[in-house]
Amino acid sequence: MIELVLPDGAKMSVESGIKGVEVASKISEGLAKCAVAVKVNDTLMDVTTPITTGGTFSIITSKNPEGLEILRHTAAHVLAEAVEALYPSAKATIGPVIENGFYYDFAGIIIKEEELPKIEAKMAEIVAADYPIERKMMARDEAEKFFAERGEPYKVEIIRDMPGDVKEVSVYTQGDYVELCRGPHLPRTGMLGKAFKLTKVSAAYWRGDATKESLQRVYGTAFFNEKELKAYFTMLEEAERRDHRKLGKEMDLYHFEEYAPGDVFWHPRGWTLFQTLIDYMRKRQKAVGYVEINTPQLMNRVLWETSGHWDWYQENMFTTTVEEKAFALKPMNCPGGVLVFKHGLTSYRDLPQYIGEFGRVHRYEASGAIHGLLRVRAFTQDDAHIFCTPEQLHDELQKVVKLMVSIYEDFGMTDMTIKLSTRPAERIGSDEIWDFLEKGLAEAITDLGYTYEINEGDGAFYGPKLDFKFRDAIGREWQLGTLQADLNLPERFDVNYIGEDGQKHRPIMLHRALFGSLERFTGVFIENTAGRFPFWLAPVQVMVAPVTNDQDEYAKKVLKRLQRAGIRVEADLRNEKISYKIREHSLKKIPVIAVVGKNEAAEETLTLRRLGEEKQIVMKLEDAVKQFKLDARYPSVEYDD
RNA sequence: GCCGCUGUAGCGUAGUGGUAGCGCACAUCCUUGGUAAGGAUGGGGUCGUGGGUCCGAUUCCCACCAGCGGCACCA
C-alpha cells in the first residue's frame, strides 16, 4: 500500500500499482471522466500509468494549464499520424507544444497552406475513431531498431543522441501509430474533441541548424472547447488590426520603397513622433548627467578591425572603397564614443561619464529578417556609453535600470521580460572578466527587486548583457532596451583614466540603449497603443474643424493661437460636413478635434471632442490653450513655471 | 540566407490568353451642412522588373526584385 496526499490535504491509502484514473474514480466518476493526467510528487503521468510511490497527488483536468499543454501535445501526435497517413514519404521528427499551440516538423514533404483542411479532416477521423493512447517502455536498443524498421530515421537519431545513462524510452501508441515521446498524453484520441485548427505552414531546420536539412513545419492550436478556440482567433484578428505596418499607412506615418529595403521613409507625422521621442529622451538623460555627442557615419575599416566588429560582423556591414581605402558605415556607435572619451586625459574625479549619441547605424540584416519598423537595416539608437571604475559598476548599472524602467512606465509599457545573456562560445576577454561582469549585471537586477531569465551563451562577443523585451500585437517578443557591460573594448582601444595614484587604469564601459532602436520602439509603441498616442506624443495634437466656411477666419485665428502656444495643431478648412471631418480625423487618431461653429466664433470658445469620447466640452479659447499646454508636457520631466 | 505564399492607380481590392474594372483618396462644380461618409462630373494604371512560349501575355513558364508567414540570424 502507498499513501497519496490530495490537494486538500486529505490522505488516501491505495494499493501500489493503481492507475491514476482509478484513484480519480474513487473521488468521483465525473472527475475520472475528465482527468487528462495526474501529477504525483510534481511529476506528470498518464492516467493509465501505474502509481508505485506515495506522495502528493493531484488530477489534471481542462482547468489546469498543464491540461491544455497535454491536449496540445496529443493534438501534435494526431497531426503527425494524419500527415504520415496522407503523405507516405513524410518522416516525423519532433512536435512540441509552444505558446498558444503546437507544431510538428516533417522531413520529406512539402505541404501548402491550402492542404491544411485536408489534414484537419484526417485528424478529425482519428479523433472520431477514439483510439486509446497507450504508453509502454522499450529498451533503448529495441526502440532504435523498432523505429529504424518503421522507417523513422529522425526518431532513430533522437534515440542515438540520448545521454548514455538512458536505458529505456517510452513510446505511445494510438491505433497503428507509434510515437517516441516522454508524455503524458490524453488517454484517448477522442478526448481531443473538435476545438483544434491548423494555422500555418513554414520551413524549419532540423535541430534548428541552418546547415542541416529544411523540414516542413505545420503549426496548429487546440483548446478544450470551441468557444475558447473561437475567442483565440477573434483575439488574433483584433491584434492584426493593431499591426504597426497597417496603422503606419492609415495614420500616414512612414512608408518603405523597393529602392531601400529595410530603411524607412518617414512622413511628416511619423517624423514628428520620432523627434518627440528623441526630445523626451534627451530631457530625461540630461536631467541625470548625460552629455551628447555625434560621431561619423563612415569610418575606416581599420577602426572596425581594432574594435573586433570586422572579425565578427563584416558580412553584415555596409562597406565602400574610395581611393583604395576601405570604409564601413557604422553598425554601432561604441567605437565613436570610445574615441571621444579617449581624446584627452580623464581623471578618476571625472568618472563616471555619460556620453550619449542618437546614432544612426546600418546593419545588413538578412533579407528574410526584415520586418516593418521592428527589424530594419538602418536605425537610430538612443545610445550612450558610460565609463566608470569597477567600484562604481554596481551603482551605475542600477541607475540605468531605474531610468529604463521609469521611461517605459511613461509610455505605459510595463509588460516586459528581462533577459541576462551570458558568455557566448566565441568571445574575447578572459573568464575572470566575464565572471565579474555577469555577476554585476545579475546583482544589479535582483538588488532592485526585478527578476530575469538567463539566455545562456547569448551575450555579445565583448560582454554580457541585459535585454528588455516587449511584445508586439500578436505576441512576438522584441528586444527594446539593452544594457551591456564591457571591459574588452576599453582594452582593445587602450582606454585609460588617471587614478588617485597618478597611474593609468582601465575603466569599465557600459553600453546602453533604452528605446533601443527608435524605429523598433515606435513600431512596438504603435501596436501597444493601437495608434492612440497620448496627447504629449501625438504628431497632430489638435485638429481645428470649422462647421461651415463662415467660421474659417475664426478657425485660422485659433490655429495661430495654438501654434503660438507650441501645440501641434492643424485646421481642416475643406468644404466638407462636420461629421465627415470628425470621422476622418478620428480614424487618423488625432487626440482632440476642436469644432468651431457660429456659437464658438461669437463667444471665443472651442467645442472639444477627445478621441474615444462621445461627450463634448465647451471651453474658452484661452482656457483650452492652458489645458493643452499642460497636456503636452512630458511625463517625469520637471517644468519650471 | 532557407522553405512556402503574394505583387493590379496613393490606399484597399475585382478580373481576364485578345492591352483592365470597383470603393476610398484626389480635382472641378453644386451644396454651407453642429459631431463617424451630401451629390454630380472628371483625371489617374507601361497590371513589381527582365526574359521566354504564343499570331497575341497583366494572365502561362523562367529569372530577378520587393512584401507576407515561419526558420536561421540579430553587435
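No hydrogens, no waters, no symmetry mates; every other heavy atom, side chains included, goes into these values. Naming convention: chains lettered A, B, ... in sequence-line order (proteins, then strands); numbering from 1 in each chain.
The side chain of A/Y104 places no N or O atom within less than 4.0 Å of a non-bridging phosphate oxygen (OP1 or OP2) of B/G70. Here A/H371 reaches the OP1 or OP2 of B/G69: one of its side-chain N or O atoms lies under 4.0 Å away. Of the side-chain N and O atoms in A/K465, one or more sit less than 4.0 angstrom from OP1 or OP2 of B/A75. The phosphate of B/C5 has OP1 or OP2 within less than 4.0 Å of a side-chain N or O from A/K112. Applying the 4.0 Å criterion to OP1 and OP2 of B/C74, one finds that A/R476 has every side-chain N and O outside that range. When the side-chain nitrogen and oxygen atoms of A/S202 are compared with OP1 and OP2 of B/G4, none of them lie within a distance under 4.0 Å. One finds a side-chain N or O of A/R245 lying less than 4.0 angstrom from the OP1 or OP2 phosphate oxygen of B/G69. For the pair A/K200 and B/G70, the criterion of a side-chain N or O lying under 4.0 Å from OP1 or OP2 is met.
Distance A/E113 CD to B/C3 P: 18 Å, rounded to the nearest Å. Nucleotide B/G10 holds its P atom 11 Å from the NE2 atom of A/H255, rounded to whole Å. Regarding A/W304, its CH2 atom lies at a distance of 15 Å from the P atom of B/A75, rounded to whole Å. We find that CD1 of A/I111 is positioned 13 Å from P of B/C5, with the value rounded to whole Å. For the pair A/N488 CG and B/A75 C1', the interatomic distance rounds to 13 Å; values are reported in whole Å. Rounded to an integer number of Å, the gap from A/E365 CD to B/G67 C1' is 17 Å. With rounding to whole Å, A/R583 atom CZ is found 16 Å from B/U35 atom P. Rounding to whole angstrom units, OH of residue A/Y254 and C1' of B/G10 are separated by 16 Å.
Minimum atom distance to the side chain of A/E258 is reached by B/A66, of the listed B/A37, B/A66, B/G34. Closest to the A/Y580 side chain, of the nucleotides B/G33, B/G70, B/C26, is B/C26. Ranking B/G1, B/G34, B/A72 by closeness to the A/A210 side chain, first place goes to B/A72. Considering only side-chain atoms of A/Y313, the nucleotide from B/A36, B/A75, B/G34 that sits closest is B/A75. Residue A/V595 has its side chain nearest to B/U35 when only B/U32, B/A72, B/U35 are considered. Side-chain proximity of A/I110 to the nucleotides B/A37, B/G4, B/G33 is greatest for B/G4. Side-chain atoms of A/L587 lie closest to B/A36 of the nucleotides B/G38, B/A36, B/G4.
Of the two residues near RNA chain B, A/S214 and A/R609, the one whose nearest nucleotide lies more 5' is A/S214. Each of A/V596 and A/Y364 was assigned the nucleotide of RNA chain B with the nearest heavy atom; the assignment lying further toward the 5' end belongs to A/Y364.
Checked by distance alone, A/D550 brings no side-chain donor or acceptor within 3.5 Å of a matching partner on the base of B/U32. The base of B/C74 is paired with the side chain of A/R375 by a donor and an acceptor separated by under 3.5 Å. The base of B/A72 does not come close enough to the side chain of A/R207 for any donor and acceptor atom to sit less than 3.5 Å apart. Contact annotation: side chain of A/Q616 to base of B/G34, donor-acceptor pair absent below 3.5 Å.
The nucleotide B/C2 finds its pairing partner in B/G70, both defining distances of the Watson-Crick or G-U wobble pair being shorter than 3.5 Å. Under the Watson-Crick or G-U wobble criterion, with both distances below 3.5 Å, B/G56 has no partner in any strand shown.
Applying the 6.0 Å contact sphere to CD of A/E257 captures more than 12 heavy atoms from other residues, nucleotides or ligands.
Using a 4.0 Å heavy-atom cutoff across all strands shown, A/A460 reaches sugar-phosphate atoms only and no base atom. A/E600 comes within contact range of at least one nucleobase, with a heavy-atom separation under 4.0 Å. Within the 4.0 angstrom heavy-atom criterion, no nucleotide atom of any strand lies near A/K581. Across all strands shown, A/Q216 has no heavy atoms under 4.0 Å from either base or sugar-phosphate atoms. Residue A/K249 is in sugar-phosphate contact alone, with no base atom involved, counting any heavy-atom pair closer than 4.0 Å across all strands shown. Within 4.0 Å of A/G208, counting heavy atoms only, lie sugar-phosphate atoms of the nucleic acid but no base atom. A/Y205 comes within 4.0 angstrom of a base, heavy atoms only. Here A/N599 lies in heavy-atom contact (under 4.0 Å) with a base. Looking at heavy-atom distances under 4.0 Å, A/P261 makes contact with sugar-phosphate atoms alone, never a base. Here A/Y462 lies in heavy-atom contact (under 4.0 Å) with sugar-phosphate atoms only. Residue A/S367 is classed as a base contact, given a heavy-atom separation below 4.0 Å to a base. In this structure, A/S307 reaches neither bases nor backbone, as no heavy-atom distance under 4.0 Å exists between it and the strands shown. Residue contacts shown for A/R377 are absent, as no nucleic acid heavy atom lies under 4.0 Å away. Among the atoms of the strands shown, none is found under 4.0 Å from any heavy atom of A/F256.
Contact check on A/R241 versus A/E238 returns no salt bridge, with no Lys/Arg side-chain nitrogen under 4.0 Å from an Asp/Glu carboxylate oxygen. At a threshold of 4.0 Å, the pair A/D209-A/K212 counts as salt-bridged, since one of the basic side-chain nitrogens sits closer than that to a carboxylate oxygen.
Taking the six-membered ring where the residue is Trp, A/H371 and A/W478 present tilted rings, their angle falling between 30° and 60°. Using the six-membered ring where Trp is involved, A/Y462 and A/H309 have ring planes that are perpendicular, over 60° apart on the 30 and 60° scheme.
In this model, a donor atom of one side chain and an acceptor atom of the other lie less than 3.5 Å apart for A/T295 and A/K330. Side-chain atoms of A/Q627 and A/D631 form a donor-acceptor pair, as typed in the model, at a separation below 3.5 Å. Checked by atom type, the side-chain pair A/E600/A/T607 shows a donor-acceptor distance below 3.5 Å. A/Y87 and A/Q216 form no side-chain donor-acceptor contact under 3.5 Å, judged by distance and modelled atom types alone.
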